[in-house]
Amino acid sequence: TLVLPGQSYSPERFPLTLLTGLAIAHFLEENWAVKATVKWPNDLLLGGRKLGGILTQMIGQGEQSAIVIGVGLNIHQAPDLPGGEHRAVALAEYNLAPMDSVESWGKELLVHLQAVLTKAIATGNNAWQKSFDRYGTAVGSLWQNRQSAQWATQQKLSATGAMMLKPVDQENSVTLNSVDHAWYWHWQNPSRHTAIADMGHSATKLWWPLQPDRPVWQLTIAEQESQTFAKLLEQLQPSAPLYCGAVNQPALVSLQKSLN
C-alpha cells in the first residue's frame, strides 16, 4: 500500500489507477523481462492469467486529502478465481522474480511507483498513453457485454483514460469511465500465429492475429450468436488464413455468407 498527498490530484487530469498498473508493468519488464498486460482499468495479466490488481481511493479533503493505492500481486501462489474469465498466475510459477528477496524488490517497486505517480500528479503528464500502447490491451481487441451478449472492439482510450468501445452492430461508441462488470475483455493467447475457427455443435472458437508481432486474440461465439459472425469478420479483417474444424450447418451458412 502506498499513500500520497492528494491535494494536487484531479481524476480529470489522468487515470491514476491505470497509471499505477502501467508503472508496475514497466517495473516487471525492466527488472525481469516479464511482459505483463494491463487490462483496463485495474488488472495485471500474464499470459492471459490474472497476476494482480490495483485499487485506489481518495480520503480527506483539501490540504488533508490523500490517495491510498493498494497493489496486490500473486507472488508465491495464485488464488482460485471461480467463475472468472481469467485464471490466476503467480510469479513463482515461472521463476519470474527472486523469491528469496521479495521484501527487497517489493520496496524497490514502491519507490518506483512513488516516483512515477508523484511526478504525474505534479505535472499531469500524459505519457501514460504511450505506455498503454505498449502494455495495455490492444486497439481492435474484442470485448463482450455479459448482459446483452453484444460484441464491441476496443478503440483508443480517451484523454482522461476512459475505455472507448465500438459495438459491432451500431455506429455510436460506448464509453466506460470506471469498472463496468457488464463488459469484459477476451483473453489473449500470444502463442498462436494463424487464425483458426473450430465450429462445433455448441460454440465457435476463433483465433486471429491483430497485426504482426502483436498478441493473438481468442474468441468464443455461442451458436445462437452466429448471425453476428459476418460483422465480426468485417471488424477484424483477419490477415491470416481462416481454418475451420467441425462445422455445424448454421455456422457453416453464416461463414459462407461472411466470406462472400
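Across all their heavy atoms, Pro41 and Thr17 have their closest contact at O-CG2, 3.7 Å. Taking each heavy atom of Leu44 and Gly21 in turn, the nearest pair found is CD2-O, 3.6 Å. Nearest heavy-atom pair across Ser173 and Pro167 is CA-CD, 4.2 Å.
Ser131 and Gln129 share no donor-acceptor pair across their side chains, judged by distance under 3.5 Å alone.
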Report the C-alpha distance between Thr1 and Val71 in whole Å, list the side-chain angles of each, state the deciding distance to 0.1 Å, and finish with yes or no for side-chain contact (heavy atoms from CB on, under 4.5 Å). CA-CA 6 Å; Thr1 300; Val71 176; over 6 Å; no
Output, in order, the C-alpha distance, side-chain angles, deciding distance and verdict of side-chain contact (heavy atoms from CB on, under 4.5 Å) for Leu46 and Thr37. CA-CA 6 Å; Leu46 193 57; Thr37 297; over 6 Å; no
side-chain contact (heavy atoms from CB on, under 4.5 Å) between Lys119 and Ile121: does it pass, once the steps are laid out? CA-CA 5 Å; Lys119 180 179 179 180; Ile121 291 172; over 6 Å; no
Residues Phe132, Thr137; criterion side-chain contact (heavy atoms from CB on, under 4.5 Å); working and verdict: CA-CA 8 Å; Phe132 190 81; Thr137 54; 3.9 Å; yes
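Grouping the Ile, Leu, Val, Met, Phe, Trp and Tyr side chains by contacts below 4.5 angstrom, directly or via other members, places Trp105 with Leu110. Under a hydrophobic clustering in which Ile, Leu, Val, Met, Phe, Trp and Tyr are joined whenever their side-chain heavy atoms come within less than 4.5 Å, directly or via other members, Met58 and Leu113 fall into the same cluster.
Counting heavy atoms from C-beta on, the side chains of Leu165 and Gln155 never come closer than 4.5 Å. Pro15 places a side-chain heavy atom less than 4.5 Å from the side chain of Trp128. The side-chain heavy atoms of Ile67 and Leu2, taken from C-beta on, include no pair separated by under 4.5 Å. Val174 places none of its side-chain heavy atoms less than 4.5 Å from the side chain of Asn145. Residues Asp43 and Val38 fail the side-chain proximity criterion, which asks for heavy atoms closer than 4.5 Å. At a threshold of 4.5 Å between non-hydrogen side-chain atoms, the residues Met164 and Lys156 do not count as touching.
For Leu55, the CG atom is loosely surrounded, since the number of other residues' heavy atoms within 6.0 Å does not exceed 12. By the neighbour-count criterion of 12 heavy atoms within 6.0 Å, atom NZ of Lys35 is densely surrounded, having more than that number from other residues, nucleotides or ligands.
A donor-acceptor pair under 3.5 Å is formed between the side chain of Glu93 and the backbone N or O of Ala90.
If you look at Trp183 and Trp40, their ring centroids are not closer than 6.0 Å. Aromatic pair Phe27/Trp32: ring centres closer than 6.0 Å.
Taking CH2 of Trp143 as the start and NZ of Lys39 as the end, the distance is 5.5 Å to the nearest 0.5 Å. For the atom pair OG1 of Thr20 and CD1 of Ile54, the computed distance is 6.5 Å after rounding to the nearest 0.5 Å. The structure places NZ of Lys166 at 8.0 Å from CG of Asn172, a figure rounded to the nearest 0.5 Å. Here the straight-line distance linking atom CG of Leu109 with atom OG of Ser104 works out to 11.5 Å at 0.5 Å rounding. Residue Ser101 holds its OG atom at 8.0 Å from CD of Glu108, rounded to the nearest 0.5 Å.
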Got a list of side-chain donor-acceptor pairs under 3.5 Å for residues 72-79, not counting sequence neighbours?
unit_1: Asn74; atom_1: ND2; unit_2: Lys50; atom_2: O; d: 3.2
unit_1: Asn74; atom_1: ND2; unit_2: Leu51; atom_2: O; d: 3.3
unit_1: Asn74; atom_1: ND2; unit_2: Val89; atom_2: O; d: 3.2

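Note on ring orientation: taking the six-membered ring where Trp is involved, the planes of His26 and His112 are parallel (angle under 30°, cut-offs 30° and 60°).
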